[in-house]
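Heads up: the structure comes next, in structure tokens.
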Amino acid sequence: MKNLRRIPFFASLPDDILEIIHGHMKQRRFRKGDIIFREGAPGDSMYIIESGQVEVVSEGKGNESDAVLAYLGPGSFFGEMALLLGERRSATVRVVLDAELWELHKRDLDLILRRHPSIALLLSRELSRRLRRTIHQPTVPERLNLIALVGEQPLIFVERLRAVTRERILVVDLGGLPPETREGALMEGVTVERLDLSETPDVLAGYLSRQVEDFGRIVMAISPHETPHARMAVELSKVVVEINHRTTPWIRRLKEADHWATPPTRQGIDRVARKVARKVVALVLGAGNARGLAHIGVLQALEEAQIPVDIVAGSSMGALIGALYAVSCSVEELKAFAAHLPKAVSLLGGLWDLSLFPRYGIVKGEKARRYLAEQWFHQKNIEELEIPLRIVATDVATGDEIVFTHGPVADAVRASIGIPGIFEPFLWNGRYLIDGAAINPVPTNLVETDANIIIACNVIPSLRERVAPRVFPAKWRLPSLFGVLLRTQEIMAAGIVESRLGEPHVLIQPEVADLGSRDYSQWEVFVDRGQEAAEACIQEIRRLLLPGEFDHHNGARPSSLELLPQRFG
């Protein structure tokens, strides 16, 4: 009965009623990963959590993934809906952290409710509160609140995790912290405790179950050696973060699916902290020929505001600018590239390897590919880049969307910028590829599964903008062959953008419709327009990164801005 008194659900009940309930309940223990009951099963028991944590899951149908409806900890109860209504279970309940539960069978609950109507009133109030929560928030994101941490600079990771979550963090030292680290308050919002390693590893589950409701995140700092306590921490964790140049074999083997490794660099630690916090930022750069130079201004605005970029995706000109950035070109280097483009794209620029018999395109494109590979991409492969890069191209035979996630950066960019009729299709793995804008001008879909905050930049004028007098004056003349090809592509791309753009969290649209899509000499204007458009969205992005840290009157709090990482320096 003493244990039940600690559960808020029973805390206010008189001792005599509590004694009756206690006599009808059975205590059960479950391990992490156990299924307490499945969706569709008969509802013959309800459960009350004394310790541990469970997740309530709606199982996906067909190819759909499971949806987490709620996380429940000590004092919560579940299974009562099916029990009271005589229906089957409406969801699956799975143990997240080793749990001790009290089980109350239907026959015993019926007896208690008949004798003590006050319990029925208490239950009905809780059901009403839970129903309101369900209406306003039907699903919740998976919560990575138990992290096993191994490797170099563990305290920097904790600092970065605190910066992006603003939650209270408990660091449990299991042999992974520097010896000089003291117990107690490590920094604002962070507490360190050492577990007695002379005790059996089983005590760790009970200890965590008592702490999980008081802290937003619990980080278990473990030794790289396979000790019993380190192994238990890995088994109980939702994810293992390893900060090392090489991964630890026993950890990789034990936690292959949820083992996130990063080199011990500031950028790498920042990025994995955001991944744990579900704040991964993706930047999607769209097609647009010369108008795509506005992406450089967008990147400049993001860097000046210290907005991180964890994933880059691009199509056509967006693929080129995105690839340069992912290869670690600074904004100043990107501007130097843009300043050189007017000469490079001219007929005397040396990059036009004209086809003698232009059956498939006027330009072969090999000189451009080689120039980019040697001068700008340094012969790198996509998988070597610190910032993950995704580039889209189009299979000219099938119309399939081809996504580059590995292989030479120059090959991917050459395929994606291959304007039909101008460039010959690019031969890749037996397939002939053309411009990514032909299938996906602003490829937000490439990052939807891995990013939590999607920022997209679209520089393609809409069909409505194209008829505006300021864009095309009344005395407009039919352009050259190149102009016809480019304008045809732009019109098609504008329609595709409207149908395929999706719903990015932030959409940046520089005002560049009045500038020509081949006017590379206006690169400074394009950059300025991109920067202006991005700066107008900075506060919106910051609110997504640090919700609650900004108000409508004063903008960002300086202390929070200082916690956002810088890419350079």
Side-chain angles (χ1 to χ4, degrees), residues 281-309 311-342 344-345 376 387 389 391 413 416-417 436-437 441-444 447 453-462 465-466 468 470-471 486 490 493-494 497 501 504-542 544 567-568:
V281 180
L283 179 63
V284 181
L285 304 178
N289 297 305
R291 294 188 180 108
L293 297 176
H295 298 320
I296 299 173
V298 171
L299 288 165
Q300 179 168 348
L302 295 179
E303 282 204 354
E304 289 179 354
Q306 299 182 12
I307 302 298
V309 175
I311 306 172
V312 175
S315 178
S316 198
M317 178 58 84
L320 174 55
I321 301 300
L324 290 168
Y325 186 72
V327 169
S328 293
C329 284
S330 66
V331 169
E332 293 307 313
E333 289 173 313
L334 290 174
K335 290 181 178 180
F337 175 83
H340 180 65
L341 272 183
V345 300
W376 293 95
I387 299 180
L389 175 65
I391 289 176
V413 171
S416 189
I417 64 173
V442 189
T444 55
V447 299
I453 301 171
I454 300 176
I455 305 170
C457 181
N458 174 39
V459 296
I460 298 174
S462 68
E465 287 179 299
R466 296 187 66 82
R470 66 185 180 88
V471 180
L486 289 175
E490 289 174 10
V497 167
L501 180 59
H505 298 91
V506 178
L507 179 59
I508 301 172
Q509 298 194 89
E511 295 185 4
V512 292
D514 59 322
L515 300 173
S517 62
R518 291 185 294 155
D519 198 353
Y520 292 95
S521 63
Q522 296 281 347
W523 68 269
E524 290 179 291
V525 180
F526 284 120
V527 172
D528 289 342
R529 300 272 185 94
Q531 184 173 3
E532 291 171 6
E535 287 174 346
C537 299
I538 292 299
Q539 286 296 85
E540 183 181 359
I541 298 170
R542 283 174 171 159
L544 293 170
R567 181 169 183 238
F568 303 103

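None of these values were measured; they are calculated from a predicted model. The figures here come from the full heavy-atom set of this structure, side chains too, leaving out hydrogens, waters and symmetry mates.
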| note | Tested for side chain to side chain contact (heavy atoms under 4.5 Å, CB included) against Val459, the lone hit among Val442, Leu285, Val512 is Val512
| Do Val281 and Ile541 touch side chain to side chain, with heavy atoms closer than 4.5 Å? | no
| If you measure from OG on Ser316 to CD1 on Ile391, what distance do you get to the nearest 0.5 Å? | 10.5 Å
| field | Leu283 and Leu299, any side-chain heavy atoms less than 4.5 Å apart | value | yes
| Candidate pair Met317 and Asn289, rule side-chain contact (heavy atoms from CB on, under 4.5 Å), full reasoning | CA-CA 6 Å; Met317 178 58 84; Asn289 297 305; 5.7 Å; no
| Side chain of Ser521, backbone of Pro342: donor and acceptor closer than 3.5 Å? | no
| Side-chain contact, heavy-atom cut-off 4.5 Å: Glu304 with Val331? | no
| note | Nearest heavy-atom contact between Ile508 and Ala534 is CG2-N, 3.8 Å
| Considering only heavy atoms from C-beta outward, does the side chain of Phe526 approach that of Leu515 to under 4.5 Å? | yes
| request: State, to 0.1 Å, how close Val506 and Cys537 come at their nearest heavy-atom pair, and which atoms those are. | output: CG1-CB, 3.8 Å
| Short side-chain to backbone donor-acceptor contact, Glu333 and Ser330, under 3.5 Å | yes
| Going by heavy atoms in the side chains, are Tyr325 and Ile321 under 4.5 Å from each other? | no
| query | Between His295 and Leu324, is a side-chain contact (heavy atoms from CB on, under 4.5 Å) present by the stated rule, with each step listed? | reply | CA-CA 11 Å; His295 298 320; Leu324 290 168; over 6 Å; no
| message | Evaluate Val312 against Val284 for side-chain contact (heavy atoms from CB on, under 4.5 Å), listing each step before the verdict. | response | CA-CA 6 Å; Val312 175; Val284 181; over 6 Å; no
| If we only count heavy atoms from C-beta on, is the Asn458 to Gln509 side-chain gap below 4.5 Å? | yes
| task | Decide yes or no on side-chain contact (heavy atoms from CB on, under 4.5 Å) for Ile307 and Arg542, but give the supporting numbers first. | result | CA-CA 8 Å; Ile307 302 298; Arg542 283 174 171 159; 3.9 Å; yes
| query | Taking C-beta and beyond as the side chain, do Ile460 and Arg291 meet within less than 4.5 Å on heavy atoms? | reply | no
| message | Show the nearest heavy-atom pair for residues Pro510 and Ala533, with the distance to one decimal. | response | CA-CB, 3.6 Å
| remark: Shortest non-hydrogen pair, Ala437 vs Ser315, comes out as N-OG, 3.2 Å
| request: Answer yes or no: is there a side-chain heavy-atom contact under 4.5 Å between Leu293 and Tyr520? | output: yes
| From Glu524 CD over to Ile296 CD1, what is the distance, rounded to the nearest 0.5 angstrom? | 11.0 Å
| remark: Taking every heavy atom of Ala323 against every heavy atom of Val413, the minimum-distance pair comes out as CB-CG2, 3.6 Å
